Amino acid sequence: MAEAADFQGTSASPARRLLRRTGALLAGAPLLAGFLQLPAATPAGAAGQESLQAASTAGSVSVAVDSLSPSAPSEGDTVTVSGTVTNNGKQTVTDAHVDLQVGPPLETRSAIDTLAKKSDDLQGPSGEKVGGKYTEKFSALTPGVAEPFSISVPADKLDLGRDGVYQLAVALSGETAMQPWDQVLGIQRTFLPWQPEEAGTRTKTTFLWPLVSSAHMAAETGSNEQQTPVFRDDELAEEIAPGGRLDQMVSLGKGLDVTWVVDPDLLASVDAMTGSYQVRGADGATTPGKNQEIAKQWLAELQQAVTGEEVAALPFGDPDLASLAHNGTNVTGSLSHLKEATDAAEKTVDTILHVKPSTDFAWPVDGAVDPSIVKVATSAGADKVITRSDSLQDNLSYTPSAARPIGGGTTAIVADSRMSTAFQGDLTKASASTLAVQRFLAQSLTLGLQTSKQRSVVVAPQRMPSVSQAQAMAEALATLQDGNWSESQDLTAAAKAKPDPAANTKVPSASAYPSSLRKQELPRAAFEQIARTQRKLDKFKVILTRQSRVVTPFGRAMNREMSTSWRGRGIAAVGYRDGIESYLNGLIDGVKLIQKSETKLSGRSATIPVTVQNNLVQGVEHLELRLTSKNPTRLKIGGAAYDEQHVTVNGGHAQSVKFTTSANANGRAEVVAQLYTEDGQRYGAPVTFDVKVTEVTPTVMLVIGGGVLLLVLAGFRMYTQRKRAAAREAAEDDIAEAGDETDGPHSQVGAPQNPEASGVRLQEEAEAGSGADGPEQPSDPAPDTAAESADPSGTGERVDR
């Protein structure tokens with residue numbers, strides 16, 4: 001501004017020149033300082049090469065802390081840190097050495113999170129070196145070669161002060177040919193909880209130990225009396241086999257003080273494997289299952305593990321509460337499946353594990369809630385909803401107790417999100433597992449040091465931990481339960497703990513529900529398909545004599561169709577639902593009408609048979625068969641347009657039902673046969689066929705009547721002829737006897753003679769002509785009919801007239 005006030009062509013006053021020079025000096029001071037800090041000028045090519053070399057050597061050695069023992073040391077302990085260092089660069093590292101560095105205590109839980117994200121950052125804080133003999137040296141680190149290290153140091157040499165969580169860094173330093181000076185080339189930071197003495201107020205910690213799997217059983221069962229179950233695959237056997245995921249969950253959880261959270265479907269599936277079962281292969285064929293002993297052993301170990309421990313049962317199949325709330329409540333019948341799944345939970349767990357479980361806890365996916373999820377979760381009787389602190393958030397400087405009322409008599413159990421998510425991700429590497437364990441313990445101790453008030457904390461990990469995740473969980477929990485700042489508590493006790501009045505009790509809105517979780521939900525179409533399957537089942541079951549053989553397996557299968565295990569597996573979920581519905585359609589089609597061809601009907605009345613086929617193992621009843629004439633003016637069924645008859649068919653049999661018909665005119669009439677249930681619902685596909693009617697006319701009746709009359713006359717003539725022949729034979733016999741008496745040597749003496757009788761016989765013979773035995777006269781006429789038999793006519797034999 002001073003320069004702007006000067007006139008051109010005039011010299012500035014001394015005061016103004018002094019002010020201008022001072023301002024220029026002050027403005028240039030930062031630039032001068034910057035130039036002074038720059039290194040000596042180097043050629044452009046050399047500067048670029050040096051920057052590339054620096055980038056290539058920065059973090060060129062990876063440090064992996066594979067073991068930290070003990071995880072939470074006390075006074076007098078020796079801390080041992082083991083792992084490997086690997087030269088990932090292209091140059092050999094010389095004069096390499098591994099040092100331990102201890103930083104100041106981390107005061108907040110967020111500081112732990114920040115450090116975990118930058119655990120291998122060379123630019124971050126590293127703390128003071130322990131130094132001395134607690135260093136491991138390497139003469140050279142060859143590129144691509146991993147070298148192990150192990151450093152043991154007494155806890156009192158670490159200069160740990162007050163209780164808290166300390167940063168423990170493991171750093172690899174050395175030189176390269178391009179940078180021949182000692183520098184840190186790789187680092188790995190972890191956490192060292194320090195609580196050497198028992199805390200005055202211990203945090204009560206509840207750890208949920210989930211036993212959940214995906215759906216493995218179908219609705220299909222064998223036709224035998226035992227209803228041999230059919231499994232979609234044999235993957236469950238792999239999970240419960242020694243070393244499998246569920247085997248590890250049981251064996252690791254056995255020695256821990258945890259609350260077991262169990263899906264009853266898993267128990268029912270394994271229990272089904274203890275007997276005879278079938279496994280369907282990729283080609284659709286079934287083969288006998290062979291893992292009965294594995295299933296028995298797993299259940300036996302689980303029964304032993306849960307003895308004396310709390311068991312919380314999820315609804316059967318672990319239904320996806322969020323999907324149901326967002327996409328299923330508007331589909332009729334969806335909520336009834338949740339109620340059925342809840343009712344089946346207690347009985348299943350009690351029957352198989354011989355313990356009475358808690359069934360009043362609902363657990364939405366990842367503990368994310370909104371008002372609709374809470375409403376659905378409590379609709380089946382649960383009054384406690386397990387949420388998470390990243391969903392039901394608090395704006396406090398400390399972590400409050402888990403339990404808090406959220407209205408309507410419902411209690412939210414808010415699990416700590418940091419501790420609950422500590423064991424996610426790939427923990428197959430020992431270094432990742434160790435870091436997860438130390439981070440979990442660090443969060444637990446820091447939480448306990450926030451305030452002197454005792455609080456109840458709940459940890460709800462992922463539903464289906466992998467083997468490596470389960471092992472890390474067990475290691476961390478064992479350390480925690482043996483530590484000095486925490487004590488175990490079951491879930492029911494945590495739910496009864498006194499709520500913190502400052503804690504948030506407002507359920508987040510639907511818009512706050514994570515979009516990443518919403519994308520994984522079951523769509524509305526899934527619930528519509530489930531409802532369609534249920535309607536078919538309802539219609540089908542009313543005709544069965546043993547409904548439970550069908551209703552129970554299909555009911556449990558529809559519970560599995562709503563499972564949370566389908567998240568992220570949309571195609572598999574569709575395939576499972578289609579398979580269930582298709583199998584039900586096949587059973588329904590097992591009871592059907594047999595197709596009929598055209599039927600010819602001659603006469604005014606006749607019967608028409610319709611056959612009902614039952615291919616099911618069990619019998620069917622409560623069915624009505626209706627036969628309807630589409631042209632009742634031509635053909636009536638039972639005197640009306642249609643007729644109905646009750647149908648009962650045994651399993652594996654067919655039954656023909658006969659309907660009386662009456663014809664009024666010639667021609668074709670279309671007839672429809674349809675099965676109905678007793679409540680009037682159509683069952684199966686109709687069968688349509690034509691009836692060709694041929695009516696009997698008066699002319700035809702006259703012809704038939706004339707034919708009958710001729711047959712009668714012919715019979716009468718035959719009768720008279722036979723009678724006359726018999727009379728002639730009798731007369732001839734009398735004449736012969738008379739001749740014998742008169743002329744024969746053996747005639748009776750004194751026998752009376754009757755000449756008149758002889759004359760009569762002679763006269764009859766003359767009138768009759770030649771008899772059977774008399775000589776034929778030339779003048780006699782030939783007979784006009786052939787001799788006829790008195791025997792009945794044979795089938796199809798023509799009768800001459």
Side-chain angles (χ1 to χ4, degrees), residues 223 535-536 539-545 550 581-701 703-704 707 794-798:
S223 59
R535 289 194 297 270
K536 293 179 180 179
K539 185 185 295 185
F540 179 50
K541 70 180 182 181
V542 298
I543 73 170
L544 302 176
T545 56
V550 173
E581 186 175 14
S582 176
Y583 177 59
L584 179 58
N585 290 338
L587 293 180
I588 293 173
D589 291 342
V591 180
K592 60 183 178 181
L593 298 172
I594 301 299
Q595 295 291 330
K596 288 180 64 67
S597 59
E598 182 184 80
T599 301
K600 295 182 179 180
L601 180 63
S602 299
R604 293 184 178 276
S605 62
T607 58
I608 297 179
V610 179
T611 304
V612 182
Q613 178 71 47
N614 178 15
N615 293 321
L616 302 178
V617 177
Q618 61 174 301
V620 296
E621 56 186 4
H622 306 302
L623 274 175
E624 300 289 341
L625 176 58
R626 179 183 297 180
L627 190 64
T628 303
S629 173
K630 292 295 186 180
N631 191 351
T633 59
R634 176 172 296 168
L635 180 69
K636 291 185 177 181
I637 312 295
Y642 69 90
D643 191 16
E644 292 181 341
Q645 292 194 44
H646 181 73
V647 178
T648 299
V649 189
N650 294 330
H653 289 74
Q655 178 180 334
S656 292
V657 182
K658 296 182 179 181
F659 291 87
T660 302
T661 63
S662 57
N664 298 323
N666 292 338
R668 295 181 184 275
E670 187 179 44
V671 177
V672 179
Q674 175 68 64
L675 287 171
Y676 288 85
T677 58
E678 285 187 343
D679 58 356
Q681 299 293 320
R682 291 177 180 268
Y683 184 92
V687 168
T688 303
F689 59 96
D690 290 336
V691 176
K692 185 177 181 181
V693 180
T694 304
E695 186 179 0
V696 181
T697 64
T699 302
V700 174
M701 293 295 294
V703 173
I704 295 175
T795 303
E797 181 179 351
R798 179 180 179 182

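Keep in mind that what you see is a predicted model, and the values were worked out from it rather than measured.
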For [X], salt bridge (Lys or Arg N to Asp or Glu O under 4.0 Å) partners two or more places apart:
X	value
K630	none
K658	none
R634	none

Has K592 got more than 12 heavy atoms of other residues, nucleotides or ligands less than 6.0 Å from its NZ?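 Open: at most 12 neighbouring heavy atoms sit under 6.0 Å from NZ of K592.
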With heavy-atom distances below 4.5 Å as the criterion, would you say the side chains of [X] and [Y] are in contact?
X	Y	result
N614	H653	no
E624	H646	yes
K541	V550	no
L627	L625	no
V647	V657	yes
K596	V671	no

Residues which pass side-chain hydrogen bond (donor to acceptor under 3.5 Å, both in side chains) with T688, listed by chain and number, not counting sequence neighbours: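 If we apply the side-chain hydrogen bond (donor to acceptor under 3.5 Å, both in side chains) test to T688, skipping adjacent residues, there are no hits.
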Contacts of type side-chain hydrogen bond (donor to acceptor under 3.5 Å, both in side chains), residue D589, not counting sequence neighbours: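 Applying side-chain hydrogen bond (donor to acceptor under 3.5 Å, both in side chains) to D589 gives none.
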V612/L675 under side chain to side chain contact (heavy atoms under 4.5 Å, CB included): CA gap, chis, key distance, verdict: CA-CA 9 Å; V612 182; L675 287 171; 4.2 Å; yes
For [X] and [Y], work out which heavy atoms get closest and say how close.
X	Y	value
A669	L635	CB-CB, 3.8 Å
E670	D690	CA-OD1, 3.8 Å
A673	V610	CB-CG1, 4.0 Å

With I637, the side-chain contact (heavy atoms from CB on, under 4.5 Å) member among T661, T660, T628: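 Result for side-chain contact (heavy atoms from CB on, under 4.5 Å) with I637: T661.
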Distance, nearest 0.5 Å, that separates [atom1] of [X] from [atom2] of [Y]:
X	Y	atom1	atom2	result
L616	T545	CG	OG1	9.0 Å
N650	E621	CG	CD	10.0 Å
F689	L593	CZ	CG	9.5 Å

Quick test of your reading: applying side-chain hydrogen bond (donor to acceptor under 3.5 Å, both in side chains), list the pairs with at least one residue in residues 675-686, sequence neighbours left out, ordered by first then second residue.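 As it turns out, the side-chain hydrogen bond (donor to acceptor under 3.5 Å, both in side chains) pairs with a partner in residues 675-686, which skip direct neighbours, are H622-E678, Q674-R682, T677-D679.
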Pair [X]-[Y], side-chain donor/acceptor within less than 3.5 Å:
X	Y	value
Q613	N615	yes
S656	T611	yes
N664	S662	no

